[in-house]
Amino acid sequence: MVTPVSSHPTILAPSLLAGDHANLAASAGSVEALGLKWLHVDIMDGHFVPNLTFGPATVAALRNAGNQMFFDTHLMLSEPHLYVEDFAKAGANLISIHIEPDYDHLATLTKIRELGCQCGIVLNPGTPADSILPLLEHVDLVLVMTVQPGFGGQSFQPAMIDKIAQLHQWRLEHNQNWRLEVDGGVDLDHARSCYAAGADTFVAGTAFYKAPDQANFAQKIQSLT
Ligand code: DX5
Ligand code: ZN
């Protein structure tokens with residue numbers, strides 16, 4: 001059986017993690033200047049993942065600098081429920097939380113929506129798709145990590161393609177409408193494989209910021225068919 005691809009328009013969300021940390025507003029601004037709508041913002045706590053990045057003040061500063069993009073905010077935090085309000089107030093549009101830490105996932109997803117944001121659930125490479133199935137009727141996006149989170153520039157894990165296909169199949173069978181996003185080591189070839197499995201939303205850090213022609217890279221991803 002040929003599985004139809006997603007009904008969502010394909011979106012590229014460049015990851016600011018691979019931008020210039022001494023000039024994040026410029027790195028975000030260069031993405032917006034290309035006409036792209038989404039910016040992926042990676043928030044790390046040095047606990048759930050072994051690295052530290054930005055906080056709500058950085059997100060607010062990007063907004064205050066005039067950036068109007070859709071901030072796709074990926075919280076890699078052990079206790080995300082303590083921070084979703086801060087990120088919503090700072091200007092996040094979508095807030096994604098991981099399934100692995102122990103907290104009330106459904107209450108946190110509900111809270112994100114009450115704060116006026118879209119909500120997403122994220123799985124690490126070692127986490128099976130089954131672990132999030134009961135939550136899928138409550139989310140706007142599912143993020144499948146294709147590397148172990150914590151650092152940019154890692155190698156894409158092809159074994160995640162099956163998980164993407166499994167989740168896409170569930171989406172079709174249950175007539176659900178969330179976006180299916182992939183994050184980690186995604187270049188054009190990997191984006192093609194993920195797209196064929198049902199992904200519609202592509203995070204790219206290194207591949208985007210290091211591309212010799214970013215506009216061309218973005219155009220190729222967003223015209224995947
Ligand atoms: C990894 C982050 C990713 C990272 C992707 O923990 O969640 O968003 O920025 O970077 P690349 O595309 O370089 O793997
Ligand atoms: Zn991310």
Side-chain angles (χ1 to χ4, degrees), residues 10-21 24 27-28 30-31 36 38-56 58-59 62 69-78 80 83-84 87 92-101 112 117-127 132 139-161 163-164 179-195 199-212 214 217-218 220-222 224:
T10 305
I11 281 183
L12 170 66
S15 172
L16 192 58
L17 186 64
D20 177 0
H21 288 234
L24 291 172
S27 291
S30 68
V31 181
L36 297 178
W38 281 41
L39 184 72
H40 186 80
V41 184
D42 285 307
I43 311 295
M44 304 186 189
D45 66 354
H47 189 257
F48 177 65
V49 291
N51 196 6
L52 296 156
T53 54
F54 328 115
T58 312
V59 175
L62 291 169
M69 298 185 75
F70 184 91
F71 287 169
D72 167 28
T73 313
H74 175 191
L75 301 188
M76 285 159 272
L77 309 178
S78 291
Y83 298 97
V84 293
F87 281 102
N93 298 96
L94 184 149
I95 300 176
S96 293
I97 55 173
H98 274 258
I99 189 68
E100 293 84 8
I112 292 169
C117 296
Q118 295 183 33
C119 66
I121 191 78
V122 194
L123 306 111
N124 281 344
T127 305
I132 60 166
V139 302
D140 301 293
L141 177 141
V142 171
L143 171 50
V144 174
M145 290 307 301
T146 46
V147 299
Q148 186 63 21
F151 299 91
Q154 302 182 75
S155 296
F156 179 88
Q157 297 185 20
M160 296 304 107
I161 295 286
K163 193 192 291 186
I164 295 163
R179 280 187 166 273
L180 182 47
E181 183 176 53
V182 289
D183 181 11
V186 175
D187 62 13
L188 188 54
D189 285 342
H190 297 131
R192 282 199 185 100
S193 315
C194 294
Y195 177 85
D200 46 54
T201 309
F202 301 87
V203 177
T206 308
F208 173 80
Y209 277 102
K210 295 253 193 299
Q214 295 177 348
F217 178 83
K220 283 190 166 137
I221 297 262
Q222 294 200 149
L224 281 174

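Here the structure is a predicted model, which is why all the values come from computation and not from measurement. All ligand and atom numbering here is 1-based and tracks the order in the structure. All residue numbers refer to positions in the sequence shown, counting from 1. Side-chain atoms are counted along with the backbone in the values below, which use heavy atoms only and exclude waters and symmetry mates.
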Query raised in the report: Can an N or O of D42 be found at a distance shorter than 3.5 Å from an N or O of ligand 1?
Result: yes
Report task. Look at ligand 1 and say whether A18 reaches it with a heavy atom at a distance under 4.0 Å. Result -> no
Requested in this report: Look at atom 3 (C) of ligand 1 and say which protein heavy atom is nearest, naming residue and atom and giving the distance to 0.1 Å.
Outcome: D183 OD1, 2.9 Å
**Report entry** Residue, atom name and distance, where the atom is the protein heavy atom closest to atom 1 (C) of ligand 1
**Finding:** F151 O, 3.7 Å
Report summary line: Candidates G205, S155, A13; heavy atom nearest atom 12 (O) of ligand 1 found on G205
Query raised in the report: If we only count N/O pairs under 3.5 Å, is G153 in contact with ligand 1?
Result: yes
Query raised in the report: Non-hydrogen atoms of G184 versus ligand 1: any pair closer than 4.0 Å?
Result: yes
Report task. Assert yes or no for the condition that the ring centre distance of H21 to F54 is strictly below 6.0 Å. Result -> yes
Report task. Assess Q148 for proximity to ligand 1: is some non-hydrogen atom of it under 4.0 Å away? Result -> no
Requested in this report: Tell me which protein heavy atom sits closest to atom 13 (O) of ligand 1, plus the residue, atom name and distance to 0.1 Å.
Outcome: T206 OG1, 2.5 Å
Query raised in the report: So is F156 close enough to ligand 1, meaning a heavy atom under 4.0 angstrom away?
Result: no
Report summary line: the protein heavy atom lying closest to atom 10 (O) of ligand 1 turns out to be G152 CA, 3.6 Å
